[in-house]
Amino acid sequence: MEVNKSIFRENDIRGIYPEQLNEFTIGEIGKAIAIKCKKENIGSISVGRDGRLSGESLLSSFCDSLINSGINVTNIGMVTSPMLYFEAKTNKTKSGIIITGSHNPKNHNGLKMVVNDRPVSGIEILSLIENMESEPSSKGELRNKDIKEKYLDEVVNSISIRNPSNYKVVIDC
């Protein structure tokens with residue numbers, strides 16, 4: 001099987017599931033990200049996903065690939081992109097990846113990536129895949145982490161309203 005090059009973009013990776021982005025492709029992406037992490041002395045990374053139906057399977061394959069490539073993975077589960085970015089900013093390695101189709105149709109999915117506090121382009125990952133050589137490595141470890149309370153506390157504690165009676169709140173579910 002071959003990786004579809006059209007899914008690798010300047011700011012992210014996006015494709016139609018399962019034709020362009022699937023469990024094989026995301027496994028190759030995981031290997032490339034592991035290479036990037038090792039080059040930057042990053043030994044662990046946080047990962048999450050949005051609520052798309054393909055997300056659970058893609059996240060599982062992605063985690064397996066990173067772990068088999070020697071990267072420790074913290075799975076924060078189903079979260080929003082801002083929650084993943086919060087986790088990446090507050091973890092030791094300043095690294096995180098979310099599997100998300102963002103605003104695209106429901107049969108699309110993709111990845112947004114931050115490694116070492118810097119965004120990673122899809123084009124860089126494609127270059128790593130095209131030049132990848134298999135290297136033996138020890139296995140990484142997987143741990144699960146629930147960040148929801150920590151994230152909500154941070155959001156609530158960062159808001160300061162001087163006169164709450166002057167505000168109206170509207171919620172669009």
Side-chain angles (χ1 to χ4, degrees), residues 3-17 20-52 54-56 58-106 108-132 135 137 140 142-145 147-148 150-152 154-155 158:
V3 172
N4 185 319
K5 294 178 183 179
S6 70
I7 67 173
F8 297 90
R9 316 237 170 129
E10 186 58 39
N11 296 316
D12 57 18
I13 298 171
R14 292 274 181 258
I16 298 170
Y17 179 84
Q20 297 174 318
L21 180 63
N22 51 47
E23 290 74 11
F24 169 79
T25 305
I26 208 159
E28 295 299 296
I29 293 167
K31 291 176 195 172
I33 290 169
I35 291 168
K36 177 171 180 56
C37 287
K38 288 177 183 177
K39 285 180 182 178
E40 298 193 24
N41 294 314
I42 302 293
S44 63
I45 194 163
S46 295
V47 298
R49 68 175 181 93
D50 69 12
R52 290 172 190 264
S54 59
E56 190 170 358
L58 289 172
L59 183 60
S60 177
S61 294
F62 187 59
C63 288
D64 287 347
S65 178
L66 289 168
I67 291 164
N68 289 331
S69 299
I71 302 297
N72 295 321
V73 174
T74 300
N75 181 348
I76 62 171
M78 188 165 44
V79 294
T80 63
S81 293
M83 290 172 79
L84 183 278
Y85 291 133
F86 169 77
E87 167 64 16
K89 277 286 189 192
T90 59
N91 71 30
K92 182 179 172 186
T93 64
K94 306 285 187 227
S95 301
I97 297 174
I98 187 165
I99 298 171
T100 178
S102 191
H103 60 280
N104 293 317
K106 66 182 181 180
H108 289 231
N109 220 324
L111 295 94
K112 293 180 183 179
M113 306 162 283
V114 175
V115 173
N116 207 9
D117 207 22
R118 289 187 300 276
V120 180
S121 81
I123 294 166
E124 178 183 0
I125 298 302
L126 175 60
S127 173
L128 289 168
I129 289 172
E130 290 177 335
N131 298 303
M132 196 163 18
E135 295 178 17
S137 67
L142 174 68
R143 78 178 182 113
N144 295 307
K145 180 179 176 185
I147 66 159
K148 291 173 187 78
K150 183 178 173 187
Y151 176 77
L152 290 173
E154 181 70 22
V155 170
S158 69

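Predicted model, so just to flag it, every value in this text is computed and none were measured. Computation of the quantities below employed the complete heavy-atom set of this structure, encompassing side-chain atoms and omitting hydrogens, waters and symmetry-equivalent molecules.
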* For residues V115 and C37, report the shortest heavy-atom separation together with the two atoms involved. => CG1-SG, 4.2 Å
* Can you tell if the side chain of H108 reaches within under 4.5 Å of the side chain of I16, non-hydrogen atoms only? -> yes
* E23 vs Y17 side-chain heavy atoms within contact, under 4.5 Å -> yes
* Given side-chain hydrogen bond (donor to acceptor under 3.5 Å, both in side chains), test T25 with N22 step by step and report yes or no. => CA-CA 5 Å; T25 305; N22 51 47; 3.0 Å; yes
* To do: Check whether any side-chain heavy atom of R118 lies under 4.5 Å from a side-chain heavy atom of E40, and answer yes or no.
  => yes
* Nearest heavy-atom pair of L66 and A34: which atoms, and what distance? -> CD2-N, 4.2 Å
* Taking all non-hydrogen atoms of both residues into account, name the closest pair between M132 and K31 and its distance. => SD-CB, 3.4 Å
* Flag side-chain contact, heavy atom, 4.5 Å: S65 against I26 -> no
* To do: Calculate, to the nearest 0.5 Å, the distance between atoms CD1 and OG belonging to I29 and S61 respectively.
  => 11.0 Å
Side-chain atoms of residues 70-84: list all donor-acceptor pairs with protein atoms under 3.5 Å, sequence neighbours left out, distances to 0.1 Å.
unit_1, atom_1, unit_2, atom_2, d
N72, OD1, E141, N, 2.8
T74, OG1, R143, NE, 3.4
N75, OD1, G77, N, 2.7
T80, OG1, M83, N, 3.3

* Asked: How many angstroms lie between CD1 in I33 and NZ in K38, if you round to the nearest 0.5 Å?
  -> 13.0 Å
* Taking the side chain as every heavy atom from C-beta outward, state whether V155 and F86 have any atom pair closer than 4.5 Å. => no
Donor-acceptor pairs under 3.5 Å, side chain of residues 93-102 to any protein atom, not counting sequence neighbours: which ones?
unit_1, atom_1, unit_2, atom_2, d
T93, OG1, S44, O, 2.9
T93, OG1, N91, OD1, 3.4
K94, NZ, K89, O, 2.7
S95, OG, T93, O, 2.9
S95, OG, N116, N, 2.9
T100, OG1, D50, OD2, 2.8
T100, OG1, S102, N, 2.9

* Could you tell me which non-hydrogen atom of A32 sits nearest to which non-hydrogen atom of I129, and how far apart they are? => CB-CG1, 3.6 Å
* Asked: If you count the non-hydrogen atoms of other residues, nucleotides and ligands that lie under 6.0 Å from CD in E130, is the total more than 12?
  -> yes
* Given side chains that start at C-beta, do those of K150 and T90 come closer than 4.5 Å, heavy atoms only? -> yes
* Under 6.0 Å from the NZ atom of K145, do we count more than 12 heavy atoms belonging to anything else shown? -> yes
* Between CG of N104 and CZ of R14, what distance do you get to the nearest 0.5 Å? -> 6.0 Å
* From I13 atom CD1 to S6 atom OG, the distance as rounded to the nearest 0.5 Å -> 11.5 Å
* What is the distance from atom CE of M113 to atom CD1 of I45, rounded to the nearest 0.5 Å? -> 9.5 Å
* Would you say L128 and I125 make side-chain contact, with heavy atoms under 4.5 Å? -> yes
* Residue pair V120 / K36, side-chain heavy-atom distance below 4.5 Å -> yes
